[in-house]
Amino acid sequence: MEINNNYKNLETSYLFSTISKKVFEFINEHPEKDIIRLGIGDVTRPLCKTVVEALQKACVEMGTQEGFHGYGPEQGYSFLREKIQKYYQNRKVNLKTQEIFISDGAKSDLGNILDIFSKKNKVLIPDPVYPVYVDTNTMDGREIVFLEANKDNNFLPVPDKNLKADIAYICSPNNPTGAVYNKDQLTAWVNWALENNAVILFDAAYESFITDKDLPRSIYEIDGAKSCAIEFCSLSKTAGFTGTRLGYTIVPLDLNYNNTELNKMWLRRQTTKFNGVSYIIQKGAEAVFSEAGQEEIKENIDYYKKNASIIADTLKKHNIWFTGGINSPYIWLKCPSNMESWEFFNCLLYNIAVVGTPGCGFGKNGEGFFRLTSFNSYEATKEAMERLDNLLSNL
Ligand code: PLP
């Protein structure tokens, strides 16, 4: 018996445990201070009314003989897949329901999708990045090439013509940088993938934060993308489903490599290893796509976006360089006075009792940068920015 030795190559992430430790120490030293956390990566607003009603109704239904549901279709109930199909249609993206797969969240699918690709493939991952892409490929022993995202390219790198890779990750709006690719940039990615026979894994977990009509919310808004991209999406940030769990992945029928349809492979993978998402949760998700559901989730998204704009305004006032904060819940800023990420972390914690996330925790290019999020309350965000404004005025 031999274990998967690739696990030994995983880097232990000390980021969030170190943050907790430092905050704990600070609270012990200064119990009187009111700490404001702007490092939160989870949503905080409750589920909307229409969703809760649908969940309750589905629960009651499950307790009746006529309404009981056992195993459902592995790919998801058609009532939900049809709603998602319509959601894409509103953006002029036409999908077939067989191309839509319901899951318990984007993280699972981002990891599981690698089952259908050879371990010999070379993978292209931007730095800084959501760590799941790196870790899931490390577990399989794939070769990883990092693509430099930095201030010079506004943290939106596009692959060079000569760059060779088989699988490429794009996250837009991005975690951690909040940066969003425009149509031209995504077209460059799609053309690169088509020329290199590569597949793009497009993480659209934050698409609902895009309000700028010119920015693509799906990679399929780009010509040719259906022949080279898989899209991952989630109701986690869109509708507060981080604890409820529901995501969806689009595997177009046109995706064909080595004379094999990826859609068929993924269907086979899911029907073999996955037994579907609970009926109750899928009913809750269906309600997200109803007219009332869409209006109610928009209120929550607007709430977070308002927080983001308060943060952005404070940074602008002090001429601090940043990305995100407009079509994203994340703000990625250059640490003032050329501080390193942890130095700025300590500066915020000890001077104004505000907690954020050091950029260096997301990759080497994150050093010197810092992530703030808009997921705290309006009052707390406003108070934190008043404190930051004062601090920066005296730096
Ligand atoms: N993709 C990105 C970029 C994320 O930041 C997250 C969660 O933070 C996920 C995917 C995971 O989403 P889910 O909750 O659907 O698993």
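All ligand and atom numbering here is 1-based and tracks the order in the structure.
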Query raised in the report: Non-hydrogen atoms of Cys171 versus ligand 1: any pair closer than 4.0 Å?
Result: yes

Query raised in the report: Considering only protein heavy atoms, which is closest to atom 8 (O) of ligand 1, and at what distance to one decimal place?
Result: Lys237 NZ, 3.0 Å

Query - N/O separation below 3.5 Å, Lys107 to ligand 1 - result: yes

**Report entry** Contact summary for Pro157 and Ala149, nearest pair of heavy atoms
**Finding:** CD-CB, 3.7 Å

Query raised in the report: Backbone or side chain, does any N or O of Ser234 fall under 3.5 Å from an N or O of ligand 1?
Result: yes

Query raised in the report: Where does Ala106 meet ligand 1, judged by heavy-atom distances below 4.0 Å: at the side chain, the backbone, both, or neither?
Result: both

Query - Closest contact, heavy atoms only, Cys233 versus Ala204 - result: SG-O, 3.4 Å

Query - Parallel, tilted or perpendicular, as decided by the 30° and 60° cut-offs, for the rings of Trp342 and Phe345 - result: perpendicular

Requested in this report: For atom 14 (O) of ligand 1, grab the closest protein heavy atom and report residue, atom and distance to one decimal in Å.
Outcome: Ser236 OG, 2.6 Å

Report summary line: Within the 4.0 Å heavy-atom cut-off, what Tyr206 brings close to ligand 1 is side chain

Report summary line: One finds that the ligand 1 atoms under 4.0 Å from a non-hydrogen atom of Gly105 are 15 (O), 16 (O)

Requested in this report: Would you check if there is a donor-acceptor pair between the side chains of Tyr87 and Arg217 at a distance under 3.5 Å?
Outcome: yes

Report task. Just need the protein heavy atom nearest to atom 11 (C) of ligand 1, so name the residue and atom and give the distance. Result -> Tyr130 OH, 3.4 Å

Query raised in the report: Which word best sums up how the rings of Phe375 and Tyr304 line up, parallel for under 30°, tilted for 30 to 60°, or perpendicular for over 60°?
Result: perpendicular

Query raised in the report: What residues, two or more places apart in sequence or in another chain, satisfy side-chain hydrogen bond (donor to acceptor under 3.5 Å, both in side chains) together with Asn300?
Result: Arg45

**Report entry** Identity and distance of the protein heavy atom lying nearest atom 2 (C) of ligand 1
**Finding:** Asp203 OD2, 3.4 Å

Query raised in the report: Of the non-hydrogen atoms in Tyr378 and Lys306, which two are nearest, and what is the gap between them?
Result: CE1-CE, 3.8 Å

Report task. Within a distance under 4.0 Å of any heavy atom of Arg245, pick out the atoms of ligand 1 and give their elements. Result -> 13 (P), 14 (O), 15 (O), 16 (O)

**Report entry** Carboxylate-amine/guanidinium contact Glu99 Lys96, below 4.0 Å
**Finding:** no

